Amino acid sequence: MELPHSLHRHFIERGSVLHSEIFEDIDHGKFFAVMGVSEDMLVGFFFINSRIHPAIQKRPAQFAMQYLLRKKDYDFLKYDSFLSATTIVKLPVNRLSETIAGGQTAYVGKLTEEDLTAILEACRKSNLFRPSDKRKFFY
């Protein structure tokens, strides 16, 4: 039985963590955390990485936005990882919902309330994001 898209959208909310293989420029599946859904129905999210890329370590503003996610708090992680809150990626809600329905994207969990609150607060204060993106995804 195929579930309607409205049920798949239930998984697309602030704090949801999903895993997907839909990213054309990435050759493996990626975890990502939804930061918000805008009024124009775009999902904004950040990727979760196993380590911090060396180039980011040389950029203080971006390095400060690497948020540690501890394996002990997340069953889906194999080891401590980093949510890279440096660039918000945007996808139409319908497109993401279709990839859930098609099995290319899976819901794996939710950020802890503590982590989500800290990440949102850091994003609101950061100069890395445009004010319009802050309003759309972080408030």
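We count residues from 1, following the sequence as given. These numbers were taken from a predicted model, which means no experiment stands behind them.
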Heavy atoms only: give me the nearest Leu91-Phe45 pair and the separation to one decimal.
CD1-CE2, 3.9 Å
Sequence neighbours excluded, every pair satisfying salt bridge (Lys or Arg N to Asp or Glu O under 4.0 Å) that has a member inside residues 76-87
Arg70-Asp80
Is Leu111 reachable from Leu18 through a run of hydrophobic residues whose side-chain heavy atoms are each under 4.5 Å from the next?
no
Glu13/Lys110 under side-chain contact (heavy atoms from CB on, under 4.5 Å): CA gap, chis, key distance, verdict
CA-CA 9 Å; Glu13 63 180 11; Lys110 254 184 122 51; 2.8 Å; yes
Is there a path of hydrophobic side-chain contacts, each under 4.5 Å between heavy atoms of I/L/V/M/F/W/Y residues, joining Ile119 to Ile48?
yes
Which heavy atom of Phe137 sits nearest a heavy atom of Gly44, and at what distance?
CE2-N, 3.4 Å
I'd like to know whether Cys123 forms a side-chain contact (heavy atoms from CB on, under 4.5 Å) with Phe46, so could you lay out the CA-CA distance, the side-chain angles of the two residues, the decisive distance to 0.1 Å, and finally the verdict.
CA-CA 11 Å; Cys123 290; Phe46 295 128; 3.6 Å; yes
Might you point out which heavy atoms bring Phe138 and Met35 nearest each other, and give the distance in Å?
CE2-CB, 4.0 Å
Main-chain N/O of Tyr79 paired to Ser81 side chain as donor or acceptor, under 3.5 Å:
yes
Tell me, do Asn49 and Lys30 make a side-chain contact under 4.5 Å, heavy atoms counted?
yes
Gap between atom CZ of Phe32 and atom NE2 of His19 - 0.5 Å precision:
9.5 Å
Quick one: does Tyr67's side chain have a donor or acceptor within less than 3.5 Å of a partner on Leu116's backbone?
no
Given a cutoff of under 4.5 Å between side-chain heavy atoms of I, L, V, M, F, W and Y, with clusters grown through shared members, what are the other residues clustered with Leu68?
Ile52, Ile56, Phe63, Phe82
What is the distance from atom NZ of Lys72 to atom CG of Asp75, rounded to the nearest 0.5 Å?
12.0 Å
Separation between NZ of Lys136 and CD1 of Ile88, rounded to the nearest 0.5 Å:
10.0 Å
Please answer: with hydrophobic residues joined when any side-chain heavy atoms are less than 4.5 Å apart, are Val43 and Ile26 in the same cluster?
yes
By salt bridge (charged side-chain N to carboxylate O under 4.0 Å, His left out), Glu121 pairs with (sequence neighbours left out) Arg124, Lys125
Evaluate the criterion side-chain contact (heavy atoms from CB on, under 4.5 Å) for residue pair Asp115 and Leu83; output intermediate values, then yes/no.
CA-CA 10 Å; Asp115 286 343; Leu83 183 126; over 6 Å; no
Would you say the side chain of Val108 lies within less than 4.5 Å of the side chain of Phe31, judging by non-hydrogen atoms?
yes
Please walk me through it: do Ser84 and Gln62 pass side-chain contact (heavy atoms from CB on, under 4.5 Å)?
CA-CA 8 Å; Ser84 182; Gln62 291 183 340; over 6 Å; no
Restricting to non-hydrogen atoms, name the atom on Leu77 and the atom on Leu69 that form the minimum distance, rounded to 0.1 Å.
CD1-O, 3.9 Å
I need the Arg59 CZ to Met65 CE distance, nearest 0.5 Å.
15.0 Å
For Val37 versus Ile12, what's the shortest heavy-atom pair and its separation?
CG2-O, 3.8 Å
Kindly indicate whether the side chain of Phe47, heavy atoms from C-beta on, has any atom under 4.5 Å from the side chain of Phe23.
yes
Hey, does the side chain of Thr99 reach the backbone of Leu96 with a donor-acceptor pair shorter than 3.5 angstrom?
yes
Non-hydrogen atoms of Ser20 and Thr105 that approach each other most closely
OG-OG1, 2.6 Å
Any side-chain heavy-atom pair from Leu120 and Arg14 closer than 4.5 angstrom?
yes
Distance (rounded to the nearest 0.5 Å) between Arg51 CZ and Gln57 CD
9.0 Å
